[in-house]
Amino acid sequence: MSPIVTRFAPSPTGFLHIGGARTALFNWLYARRFGGTFLLRIEDTDRERSTQAAVDAILDGLKWLGLDWDGEAVSQFERAARHREAVEAMLATGAAYRCWASPAELDEMRETARREGKPMRYDGRWRDRDPSEAPPGVAPVIRLRAAQEGETVIDDRVQGKVTFANKDLDDLVLLRSDGNPTYMLAVVVDDHDMGVTHVIRGDDHLTNAARQTQIYRALGWETPIWAHIPLIHGADGAKLSKRHGALGVEAYRAMGYLPAALRNYLARLGWSFGDKEFFTGEELTAAFDLDAIGRSPSRFDFAKLENMNGHFMRAASDDALFESLVATLPYLPGGPAVLETLDSRKRAQLRAAIPGLKERAKTLVELLDGAAFLFAARPLALDDKARDILQKGGRAHLAALLPKLSAAEWSHEALEAAVRTYAEETGAKLGSVAQPLRAALTGRSTSPGIFDVLTVLGREESLGRIADQAGA
RNA sequence: GCGCCCAUCGUCUAGCGGUCCAGGACGUCGCCCUUUCACGGCGAAAACACGGGUUCGAGUCCCGUUGGGCGCGCCA
């Protein structure tokens, strides 16, 4: 079997949304699985809508997701000359022809079609008409002379055999009147020239596959292997909108998801491997294949993504998670501010707090939020619950505890011993002593284990915070 | 409207004619663990859209209905 070549071909008219990200992932996975090549092509033939900002956003998104492509990204627009060349060849063989129908005529056809309840189809009025009848001064488009009878069959790796009647496929435009290639033509020529063996894309392209097949035939080329994957819908089953999650992948970064978790989640959306839910990067590449992709559309579920992200965070080593957090700081809410105060001492504290923090966070945002007590300045602002704990007898415990703690060795074990002894002596439950400490130390009613907080914060800062609340 | 695709718990899915009174995961609800919150453990509720066939036997095959999606540009 010849080496596999896949590609991801986004159009730079916006950010890399979640559906595109999954398409890219599947192509990447498939290529990596079989030792093939994963190419990237920017479909920027629409000069009106393509922007460099969008190209940058897409590349950035792919890099963040960890989907590295082979070689340089190809600009489709820059290949326009080659596309025209292909059209010339089709013109020469009669597989294509010039059409002088005006936009107004096309509108009219559309109108008529709608009135008669028929689909809009170009009526082929210039198919066999002599070019000498062309209206003067009008630049023609070039259309494919498509088969009008018979059928075109797509043998799809996920959709199976799909048959289209050729009468339903009209003579599509290959070259616009301004001489620029259309998408339909450009994809075919580029995929062919780039040696793409497998076209894995959204099933919104399924009918395009039939049209493109006709172009391949007209050019005398072999079609690639198709794999049209179902689309991702929003939580309510409707098309993804910004409200539902048609966000750029950078939004997921800002929400604190780990690339590995997002990859795992996305892979399992539409694809399965028995009952297995969690995959390491290696496991994913080893297991992925086209046959196990389902044919029905799926809904995006943040709850499951979040759960999965929590698993990945907990499974990550403390060092790796710490590095991920720091690297993501610029994108997290409140992150840049934290980054500024992150001197070597704070870094060490944050790193030391990771084990206690990561058990309690499902995203990096939550992780950062849990670490807030490290960056708070004395006297701490208290939230309602913390204030409540302190007011209901908490201060007395703090006042009594203060000398005992300051006398203790500053280690987890020694501090715990001191507090437990105090609780036993006074007959208080450990919880009723730990909670006031937590309130004074973190300003909240929830935090990592209290002795961890004490040691991470250090003797001086801890005693200061306790003293702040013991008195008042 | 026409064409194509799809249809198992709320969600993601396993299931490829009998081992399914349908399994796993998320979510939900209990209980346990516990210095808080989490994590973890145990348990519960929860689905084969509907109607016809085929077959000794159908979640699994066929047809129809209903519902949903996608496509129908000199956009990609």
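We name chains A, B, ... by the order of the sequence lines, and we start the count at 1 in each one. Quick caveat: nothing in here was measured; it's all calculated off a predicted structure.
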Between [X] and [N], does any side-chain N or O lie under 4.0 Å from OP1 or OP2?
X	N	result
T207(A)	rC72(B)	no
T446(A)	rA38(B)	no
R299(A)	rG10(B)	no
N307(A)	rG27(B)	yes
T45(A)	rA76(B)	yes

message: Quick one about D171(A) and Y97(A) (side-chain donor to acceptor, distance below 3.5 Å, no hydrogens or angles considered), yes or no?
response: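 Y97(A) vs D171(A): donor-acceptor pair found between side chains.
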
field: Short side-chain donor-acceptor distance under 3.5 Å, H311(A) and N264(A)
entry: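 Per modelled atom types, N264(A) and H311(A) side chains form no pair under 3.5 Å.
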
- prompt: Taking the side chain of I450(A) as heavy atoms from C-beta outward, which of rG3(B), rA76(B), rU35(B) is closest to it?
  reply: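 Within the option list, the nearest is rU35(B).
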
E359(A), nearest nucleotide to its side chain (from rA38(B), rU11(B), rG3(B)):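 Nearest to the side-chain atoms of E359(A), counting from C-beta on, is rA38(B).
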
Students often get this wrong, so: under 4.0 angstrom with heavy atoms, is [X] touching a base, only sugar-phosphate, or nothing?
X	result
L106(A)	base
M308(A)	nothing
E277(A)	base

Rounded distance (Å) that lies between atom C1' of rU11(B) and atom CD1 of I232(A):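 After rounding, the gap between these two atoms is 14 Å.
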
task: Tell whether R438(A) reaches the base of rU35(B) with its side chain through a donor-acceptor pair below 3.5 angstrom.
output: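 Such a pair exists between side chain and base.
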
query: Has the side chain of K304(A) got a donor or acceptor that lies under 3.5 Å from a partner of the other kind on the base of rA25(B)?
result: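 A donor-acceptor contact between them is present.
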
field: Under 3.5 Å on both distances, the Watson-Crick or G-U partner of rC72(B)
entry: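 rC72(B) is paired, partner rG1(B).
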
message: Strictly by Watson-Crick or wobble contacts shorter than 3.5 Å, is anything paired with rC31(B), and which nucleotide is it?
response: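 Result: rG41(B).
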
